[in-house]
Undergrad: 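This is the structure I have questions about; it appears just below.
The figures here come from the full heavy-atom set of this structure, side chains too, leaving out hydrogens, waters and symmetry mates.
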Amino acid sequence: RFPGYCSPSEGVKFADIPNGLAALSKVPAAGWTQWILFLGLIEKGIYTYDPTRAPGDYKNAGVLGVPNGSTMTPGEGRNRKLNSEL
């Protein structure tokens, strides 16, 4: 677990937050709102849909979806990695 506070203003420590679905009631609503706004910003700001590219192939996404990260070079290795099952 992380040391410190998840919400200093409400006195919620990271150690006080349980695993799983029980965490939904322990994390303050402002924290969940921040996550939703952050994910929306990433979805609409960085990973915008481009109909000329393959599905999931975003302009600003590198390997493993890291924004502005390195990209896989086209070729057999890239095709093998994209077609492999996890």
Side-chain angles (χ1 to χ4, degrees):
R1 299 204 183 247
F2 294 114
Y5 287 89
C6 175
S7 175
S9 61
E10 295 189 21
V12 179
K13 294 183 179 182
F14 285 111
D16 298 338
I17 301 174
N19 293 333
L21 293 175
L24 292 174
S25 64
K26 299 295 182 188
V27 175
W32 292 117
T33 304
Q34 287 176 356
W35 271 107
I36 291 169
L37 291 175
F38 173 72
L39 295 175
L41 176 71
I42 295 294
E43 181 75 22
K44 294 296 181 186
I46 294 177
Y47 297 141
T48 55
Y49 175 70
D50 185 2
T52 61
R53 299 175 75 95
D57 184 20
Y58 298 106
K59 179 181 176 184
N60 296 325
V63 178
L64 298 176
V66 176
N68 299 320
S70 64
T71 58
M72 289 187 282
T73 57
E76 186 62 32
R78 179 178 187 267
N79 291 339
R80 183 176 41 82
K81 287 179 182 179
L82 290 175
N83 290 327
S84 66
E85 293 185 30
L86 297 176

Undergrad: Treating Ile, Leu, Val, Met, Phe, Trp and Tyr as nodes and any side-chain heavy-atom pair under 4.5 angstrom as an edge, say whether Leu41 and Trp35 lie in one connected cluster.
TA: no
Undergrad: I need the Glu43 CD to Ile36 CD1 distance, nearest 0.5 Å.
TA: 13.5 Å
Undergrad: Consider only side-chain heavy atoms of I, L, V, M, F, W and Y, link residues closer than 4.5 Å, and tell whether Phe2 and Tyr5 are in one cluster.
TA: no
Undergrad: Compile the donor-acceptor pairs under 3.5 Å between side chains in residues 13-25 and protein atoms, sequence neighbours left out, one pair per line.
TA:
residue, atom, partner, partner atom, Å
Asp16, OD2, Lys13, N, 3.4
Ser25, OG, Ala22, O, 3.2

